[in-house]
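Below: one structure, written as structure tokens.
These figures come from a predicted structure and were not determined experimentally. As the structure lists them, so they are numbered: ligands from 1, and atoms in each ligand from 1.
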Amino acid sequence: MKGWNGKILRVNLSNKVYTSETFDEDFAKKWLGGRGFALKILWDELKPGIDPLGPENKLIIALGPISGITAPNMGKVVVAAKSPLTEGYGDGNIGSHIATQLRKAGYDALVVEGVSDEPTCLYIEDNKVNFLLVKDWWGKGTYKTLEFIQEKFGKNAAHLLIGQAGENLVRYAVIRSMEGRAGGRPGIGAVMGSKRLKAIVVKGTKVLSDIIAYPEKMKELGSQGMKKVKELDEKTRWTDQSTNAILSWCNDFDALPVKNFRKTSHPLSHQIDGVALSKARVETYGCPICVMKCGIAIRDDEDHISELDYENVGMLGANLEIFDLPAVGTLNYLCDDYGLDTISTGSVLGFYADVIEQELYAGKFKFGDSKEAKKLIKKISYREDVGDFLSEGTKRMSEKIGNNSHEFAMHVKGLEISAYNCKFCPGMALAFGTSGIGAHHKEAWVIMFELTEMERGSYDDKKAEKVIELQRIRGGLFEGIVSCRFPWIEEGFELDHYLDYLEATTGISFTFDNLWEIADRYYVLMRAFFAREFKEKWNRKRDYPPAMWFKDPIPNGKFAGKTLDWHKYDELLSAYYELRGWDARGIPKKITFEKLGMNDVSKELSKYIVLSS
Ligand code: PTT
Ligand code: SF4
């Protein structure tokens with residue numbers, strides 16, 4: 001087999017035993033890598049009902065067949081586990097040198113099991129695993145921990161690490177890498193913390209070309225691709241403003257989250273938009289193996305260097321009505337240092353300010369108060385005072401507060417919604433509703449098509465088709481091969497390149513149809529995971545966005561008065577299920593499992609829930 005090492009490294013932190021397991025080409029072709037490998041391992045190995053923050057959960061780091069090689073934007077890894085926020089499958093995609101080093105160590109995935117007695121750093125050196133006790137790293141932020149790692153293992157050591165939020169089991173703690181990378185929104189950092197695993201460092205010495213089917217061809221394709229992406233970026237100038245270019249667009253189209261998503265635009269939004277960010281740039285961060293580095297870093301109001309991407313600015317700025325870029329930079333820096341997800345943090349704080357304003361909960365935090373927000377971020381990370389309550393996420397907070405507060409707790413399935421306000425974007429609302437891991441824009445960013453190429457207010461079945469098309473590309477192809485999707489989305493680098501790379505690395509001529517079938521398997525298995533957890537409690541309402549988008553109209557501007565329509569959304573959801581071969585509950589039918597070669601999954605799922613034929 002070429003393209004994959006064909007090996008998974010399994011490490012148990014409880015008894016310090018590690019083993020190497022093999023997989024064959026059938027498994028590789030069926031699941032491809034990254035999200036596919038992580039999903040299949042977690043489905044097969046986790047008993048339903050286990051505590052995501054308990055010893056039985058497993059942390060997976062998974063790579064794809066092109067990960068880590070020199071070709072456009074291949075320096076990414078998938079981090080996954082059962083999510084402490086959603087209780088379903090959760091993952092994230094993060095830039096790290098581990099993409100190359102784990103492959104050079106001879107593995108395509110790492111499975112971490114058990115819990116260590118003491119704070120540990122796993123140091124993987126080819127096929128040797130060292131369990132280093134790092135008591136003095138515990139309790140330290142991600143920047144200090146990075147310093148420790150670089151002192152011990154060298155400046156370019158390939159690593160993943162957590163901050164205090166992960167250690168203290170904040171349900172939306174992320175994993176961090178390098179200066180500005182963060183991934184695993186559904187609380188994968190908390191899973192790492194629950195294992196007392198502070199960091200993972202990997203060093204491999206294998207020659208990567210040995211596992212590539214046509215190394216010379218791949219070398220040529222890779223360098224041509226890197227050159228082309230660089231040229232494209234020079235033309236588009238996308239990295240002048242990077243992801244934050246979208247902020248003024250969202251504001252103009254009434255799709256910006258402002259004041260816990262109650263408003264959709266703000267007259268001061270220009271103070272935190274892409275132009276403002278570009279002017280404030282003092283540094284550019286990015287992932288390894290990338291020629292279009294997109295992390296714009298500014299000096300914040302406490303003199304730190306802080307990387308601001310759109311989601312960070314949208315959720316910690318506009319959503320909290322803080323229109324002061326250096327102040328937003330500080331909130332972001334704190335989230336980065338403690339290892340909190342910025343999207344969930346912005347949503348939790350927005351929800352908190354909202355319930356206080358409505359006198360449903362006592363507190364002194366108000367929209368626009370960046371000083372208090374700073375204090376709260378620290379409290380969340382240490383689970384101190386009210387921080388303990390806030391660290392549970394909006395879903396659990398609203399369940400405690402009651403009083404219909406769930407109607408404006410902005411999450412789907414427990415994962416907080418990222419920075420797109422969908423009061424008048426039915427297609428994007430469907431994308432959030434049906435994302436396999438909860439409300440993440442990474443699965444189907446249909447809003448761009450909905451607002452520029454389709455009739456905005458329509459609930460036409462074409463929107464369900466578009467959501468599925470994008471889920472296949474973004475949540476399937478890019479999460480399976482494990483590569484950054486930005487060359488394709490932002491620079492117009494054609495998808496055919498990835499077929500060429502797959503063929504050169506694996507020797508297999510994949511077609512797009514093959515890849516869409518693999519992607520459909522991911523969506524079926526993510527859904528099966530939820531259904532096995534929730535059993536008869538599963539219902540289609542879990543694929544609905546929060547009631548606020550249906551009940552609370554856009555307050556002003558040219559779309560004033562617009563909301564989503566319950567009945568039409570429900571019909572759009574039915575169209576989506578129909579296209580996917582799922583039943584009216586949103587559970588894949590037996591025939592769908594069969595078509596995708598997943599009878600083993602339907603057999604297992606049938607033990608917990610009756611499947612439709
Ligand atoms: C991603 C999510 C995003 S998506 C952003 S900004 W974005 C937030 N960034 C955070 C951050 O920063 N610090 C922090 N403490 N928390 C943060 N939470 C938020 O996390 C990221 C880029 C970006 S920037 C995006 S869209 C693209 N995402 C990709 C993806 O999902 N898949 C893929 N194949 N390619 C992608 N390329 C782009 O990567 P999660 P990164 Mg991130 C400071 O992982 O869990 O999906 O959360 O990985 O290396 O930082 O790159 O406007
Ligand atoms: Fe990382 Fe940005 Fe480059 Fe993608 S474009 S690989 S997110 S630096």
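At under 3.5 Å, not a single nitrogen or oxygen of R176, backbone or side chain, sits near a nitrogen or oxygen of ligand 1. Ligand 1 has no nitrogen or oxygen under 3.5 angstrom from a nitrogen or oxygen of C287. Close N/O approach between D341 and ligand 1 is found [any backbone or side-chain N/O within under 3.5 Å]. Taking only nitrogen or oxygen atoms, main chain and side chain alike, P186 does not reach within less than 3.5 Å of ligand 1.
A salt bridge links E87 to R396: at least one charged side-chain nitrogen sits closer than 4.0 Å to a carboxylate oxygen. E443 has a carboxylate O that lies under 4.0 Å from a charged side-chain N of R35, or vice versa, which qualifies the two as a salt bridge. Ion pairing between K371 and D301 fails under the 4.0 Å rule for side-chain N and carboxylate O. Here R181 pairs with E307 in a salt bridge; the nearest charged N to carboxylate O distance falls below 4.0 Å. A salt bridge does not link R171 with E416: none of the charged nitrogens is closer than 4.0 Å to a carboxylate oxygen. Under a 4.0 Å N-O distance rule, the pair R474/E469 does not qualify as a salt bridge. The existence of a salt bridge linking K378 and E384 is excluded, since no basic side-chain nitrogen approaches an acidic carboxylate oxygen closer than 4.0 Å.
Using a 30° and 60° split on the angle between ring planes, F478 and Y498 fall in the perpendicular class, above 60°.
Around atom 4 (Fe) of ligand 2, the protein N, O or S atoms closer than 2.8 Å are C484 SG, listed by chain and residue number.
Of the protein's non-hydrogen atoms, the one nearest atom 39 (O) of ligand 1 is K76 NZ, 2.9 Å. Ranking the protein heavy atoms by distance from atom 42 (Mg) of ligand 1 puts A182 O, 2.5 Å first. Taking atom 30 (C) of ligand 1 as the reference point, the nearest protein heavy-atom neighbour is R485 NH1, 2.9 Å. In terms of protein heavy-atom proximity, atom 16 (N) of ligand 1 is closest to T342 N, 3.2 Å. The nearest protein atom to atom 37 (N) of ligand 1, hydrogens excluded, is given as C484 SG, 3.3 Å; this is a heavy-atom distance. For atom 2 (C) of ligand 1, the closest heavy atom belonging to the protein is R185 CD, 3.9 Å. The single protein non-hydrogen atom nearest to atom 46 (O) of ligand 1 is H440 NE2, 2.9 Å, given as residue, atom name and distance. Distance from atom 14 (C) of ligand 1 to its nearest protein heavy atom, with residue and atom name: D336 OD1, 3.1 Å.
Which parts of ligand 1 touch G184 is read off a 4.0 Å heavy-atom cut-off, strictly below it: atoms 40 (P), 44 (O), 45 (O). If you number the atoms of ligand 1 from 1 as listed, the ones under 4.0 Å from a heavy atom of I94 come out as 48 (O), 49 (O). Less than 4.0 angstrom separates some heavy atom of K442 from each of these atoms of ligand 1: 31 (O), 46 (O). Less than 4.0 angstrom separates some heavy atom of G180 from each of these atoms of ligand 1: 12 (O), 43 (C). Set against the non-hydrogen atoms of F478, the atoms of ligand 1 under 4.0 Å away are 34 (N). Here is the list of ligand 1 atoms found below 4.0 Å of a heavy atom in F486: 23 (C), 25 (C), 26 (S), 27 (C), 38 (C).
At least one heavy atom of H441 sits closer than 4.0 Å to an atom of ligand 1. In this structure, S483 counts as a contact residue of ligand 1, since one of its heavy atoms falls inside 4.0 Å of the ligand.
The distance between the ring centers of Y338 and Y333 does not fall below 6.0 angstrom. With ring centers used as reference points, F148 lies under 6.0 Å from W137. The aromatic ring centres of H441 and F432 sit 6.0 Å or more apart.
In this structure, R176 satisfies the cation-pi test against Y143, with its NZ or CZ atom closer than 6.0 Å to the six-membered ring centre and inside 45 degrees of the ring normal.
Only one option out of T142, T342, I343 pairs with C335 in a side chain to side chain contact (heavy atoms under 4.5 Å, CB included); it is T342. Partner of I175 under the side chain to side chain contact (heavy atoms under 4.5 Å, CB included) criterion, out of V191, L59, I200: L59 alone.
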Original post:
Between D233 and K230, does a salt bridge (Lys or Arg N to Asp or Glu O under 4.0 Å) hold up when you go through it step by step?
Top reply: CA-CA 5 Å; D233 187 56; K230 199 167 184 328; over 6 Å; no
Q.
As a quick check of understanding, evaluate side chain to side chain contact (heavy atoms under 4.5 Å, CB included) for L308 and L325, giving each step before the final call.
A. CA-CA 9 Å; L308 285 173; L325 204 53; 3.9 Å; yes
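Side chain of S344 to main chain of D341: no donor-acceptor pair is present (N/O by atom type, distance under 3.5 Å, no hydrogens or angles).
The part of T243 lying near ligand 1 is the side chain, judged by heavy-atom distances below 4.0 Å. Residue contacts with ligand 1 for N312 involve side-chain atoms from C-beta outward but no N, CA, C or O (heavy atoms, distance under 4.0 Å).
The residue from V77, L340, V174 that puts a heavy atom closest to atom 15 (N) of ligand 1 is L340.
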